[in-house]
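A short write-up of the structure that comes next.
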Number of protein chains: 2
Amino acid sequence: MSAPTMQQVARRANVALSTVSYALNGTRPVSEETRLRIRQAMADLGYQPNALARGLASKRSRIIALLFPALPRGFGATELEFVTGAAEAAQEHAYHLVLWPMEIHAVGELQQLIRQNLVDGVLVMEVRLRDERIDLLRHISVPFSMIGRPTDASDLSFADIDWEQTTHDAVTYLVGLGHRHVVFLNHTEDAFNAGYGPAVRAAATFDQVAREAGLMPISRFCGDTALAGQEVFEELVTAHPELTAMVTINERATVGVMQGAAMHGWRIPDDLSVISVASSARVAEMTLPPLTSLTPPSSELGHLGVETLIGQLEEETSELVQRLLPCRLVIRGSTGPSPDPARPRPRVP
Amino acid sequence: MSAPTMQQVARRANVALSTVSYALNGTRPVSEETRLRIRQAMADLGYQPNALARGLASKRSRIIALLFPALPRGFGATELEFVTGAAEAAQEHAYHLVLWPMEIHAVGELQQLIRQNLVDGVLVMEVRLRDERIDLLRHISVPFSMIGRPTDASDLSFADIDWEQTTHDAVTYLVGLGHRHVVFLNHTEDAFNAGYGPAVRAAATFDQVAREAGLMPISRFCGDTALAGQEVFEELVTAHPELTAMVTINERATVGVMQGAAMHGWRIPDDLSVISVASSARVAEMTLPPLTSLTPPSSELGHLGVETLIGQLEEETSELVQRLLPCRLVIRGSTGPSPDPARPRPRVP
DNA sequence: CTGAAAGCGCTAACAC
DNA sequence: GTGTTAGCGCTTTCAG
């Protein structure tokens, strides 16, 4: 009834316990013939190695942890794709992925979990520009890799969205449509100040690209709610009536902007173009019109993050892996040519 | 450098190894004084028990698996909340949660994973009315619990949305607003035939409740895309011009219906009321107008599922836990009084 | 109330 | 090429 052990396999195949182990792991050459006998015995018994025993003896559990912030700006479809991608990648490499939801400053808790020696390594998601978790992991020298990256990541492995490239693509696309008055809609100022990478990097790039294109770099922070988005729309078109396009990285606020526009009789994209950066297809297809967006490679990031980590765990030569993936431009209905300045747009009181 | 062991704690506290174990687990009375000495020694060394060793010796890993379908109808915010809830609950009980994404028929793979003896139990999500995974788990008698439930769940533990109650609430709310011509928008026919619980239960309840209220129970299957939703809108208002309200359980199609309505000049809720069952707040707030919806208790379900399972693992008396949680009605902007039949609505060609 | 010792099922020396 | 054996760090009898 209870699971067959390696000892039982060994007896059935008439070999020593260790030979079974060697055959199983390929740790030592085993003659073709005995290998076959062992295989057969395993099959007969339906043997599966005991993960705990293996881990204890080898000091390698083949379990990795995914560390994610407990209550971030509100997780959405993008994050789930990421998690799923990571879990799949782990499975493909015969690892297990455990979930460690954790408040971002709960470093003590993190340390305790690590000390349990359950996991071989940690994949940290939503890394901040300054991030205590990273400091800790570095300090206790646990293998880890990151999605996102702190300010100085020169000696660390990571996979991240290429915010610079992606923001550049967004602006360039709008400029190509003739827009000269583009604003950038960011996350909240708090997120920015907390060193949330996307908020900081995209903003900086926007400023730079806009300037290079000869535009005024106007931007706004915005709460992560539809209501906040509506309010920002009203404020913006009042303060900058010449505005014809927006680049947004704040999904929920983006929806608010579109609602605000609709409520004031502005038509998208005729009166205003909107391009949403790093917004999932799921959400982009949900608005009316559907959002032109730069779709994040969530699942790829998950895979990459896990594979980078496993690479570190298995290679002797643990070389750095630093990958920046761009978002993919998907043109939907929310962007169009810059409106004719002669044609008046509905007044926003 | 390497993690302190129980042996080291024992030496430092001048007690036997086993006494440390007993003190740690409370498995046997230990005098106040020695307990204190041991505590101190642990603190001094920063001791954390080795999870693998503990698991191997006790045959209880304190790891549970979350089994979820690899490519379901498209996971969204709701599912992530659920997963997060489950992970949190596990952590609160000092368990670890591993993710096993798996094709729903890959029962062999499931069995292999279980045989590794890594996990103490399994939480299955998205359970179908007939579900091979459940058959397997039953058969090899692994502790498990479910989110959702098969047709005959009389002897199994589960937590599920109360689809009957929820659907009932939706219809009742619309009827209360004066609607007499209500249709039900389901998931795809394939999902229905595959025994996807929500699709089957909500449909059956809708029919019954509608009949009891003296309404014609009209319903439609629909692809899980906005486009499919648009098409169904057109088909429906053509086939049933008297229609004034819809109950939907298909989030993406719901959005399509609203888009279709908008495209044909129908105003929501003036011309048509829409109530979305089991749709997350995140999505509901995204449409214009925001969707009146029955918000699923995702996080609670996650917690409950995990706690039910842990209950089974720890109690001697493993009594059944069967919990049905209703969705919570959140009235937003997509529902209103039934329109005056005298007032014509825009024609849909 | 405490100790000593036998495993849990496996890996990885160390032998031959 | 294969066998023997000493642990991995803990739980849990069995003895006192």
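The chains referred to below are lettered A, B, ... by the order of the sequence lines, with proteins before strands, and numbering in each begins at 1.
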*Could you note down all residue pairs passing side-chain hydrogen bond (donor to acceptor under 3.5 Å, both in side chains) where residues 105-115 of chain A supplies at least one of them, sequence neighbours left out?*
A:H105-A:E132

*B:N117 side chain to A:N50 backbone, donor-acceptor under 3.5 Å*: no

*For residues B:F158 and B:G148, report the shortest heavy-atom separation together with the two atoms involved.*
CB-O, 3.5 Å

*Would you jot down, in residue-number order, the residues of residues 109-121 of chain A having a non-hydrogen atom under 4.0 Å from DNA chain C?*
none

*Heavy atoms under 4.0 Å, any strand shown: does B:S18 hit a base, just sugar-phosphate, or nothing?*
base

*Establish, from distance only, whether the side-chain atoms of A:H96 and A:Q91 form a donor-acceptor pair under 3.5 Å.*
no

_Listed partners of B:T151 passing side chain to side chain contact (heavy atoms under 4.5 Å, CB included), at least two apart_ = B:L129

_Among A:L17, A:V15, A:I38, A:V30, exactly one meets side-chain contact (heavy atoms from CB on, under 4.5 Å) together with A:Y22. Which residue is that?_
A:V30

*Under 4.0 Å from any heavy atom of chain A: name the first and the last nucleotide of DNA chain C that qualifies, 5' to 3'.*
C:dG9 to C:dC14

_Which residues share a side chain to side chain contact (heavy atoms under 4.5 Å, CB included) with A:P143, sequence neighbours left out_ = A:L309, A:Q312, A:L313

*Note, A:V83 side chain near B:L99 side chain (heavy atom, < 4.5 Å)*: yes

*asked:* Which heavy atom of A:I147 sits nearest to which heavy atom of A:G305, and what is that distance?
replied: CD1-CA, 3.9 Å

*With side chains defined as the heavy atoms from C-beta onward, is the minimum distance between A:Q40 and A:L36 less than 4.5 Å?*
no

*Look only at the side chain of B:E103 and the backbone of B:P69, and say whether a donor-acceptor pair between them is shorter than 3.5 Å.*
no

*Given A:L123, A:L110, A:V98, the one that forms side-chain contact (heavy atoms from CB on, under 4.5 Å) with A:L67*: A:L110

*Check each residue of residues 19-38 of chain A for a non-hydrogen atom within less than 4.0 Å of any atom in DNA chain C, then write out the ones that pass by number, or none.*
A:S21, A:Y22, A:N25, A:R28

*Sub-4.0 Å heavy-atom contacts from residues 46-57 of chain A onto DNA chain D, ordered by number*: A:L56, A:A57

*Can you pull the contact range of chain B along DNA chain D, 5' to 3', using atoms under 4.0 angstrom from its heavy atoms?*
D:dG9 to D:dC14

*Kindly write out the residues that satisfy side chain to side chain donor-acceptor pair (under 3.5 Å) with B:R60, not counting sequence neighbours, or none if the list is empty.*
B:Y95

*In degrees, rounded to 10°, what is the bend between the two ends of the helix from C:dC1-D:dG16 to C:dC16-D:dG1, using five pairs at each?*
40°

_Using side-chain heavy atoms (C-beta onward) and a distance below 4.5 Å, is B:Y47 in contact with B:Q8?_
no

*asked:* Looking at B:N25 and B:T27, would you say the former's side chain and the latter's main chain have a donor-acceptor pair under 3.5 Å?
replied: no

*Could you tell me which residues satisfy salt bridge (Lys or Arg N to Asp or Glu O under 4.0 Å) with A:E314, sequence neighbours excluded, listed by chain and number?*
A:R62

*Any pair counted as salt bridge (Lys or Arg N to Asp or Glu O under 4.0 Å), so long as it reaches residues 37-52 of chain A, sequence neighbours left out*: A:R12-A:D44, A:E33-A:R37

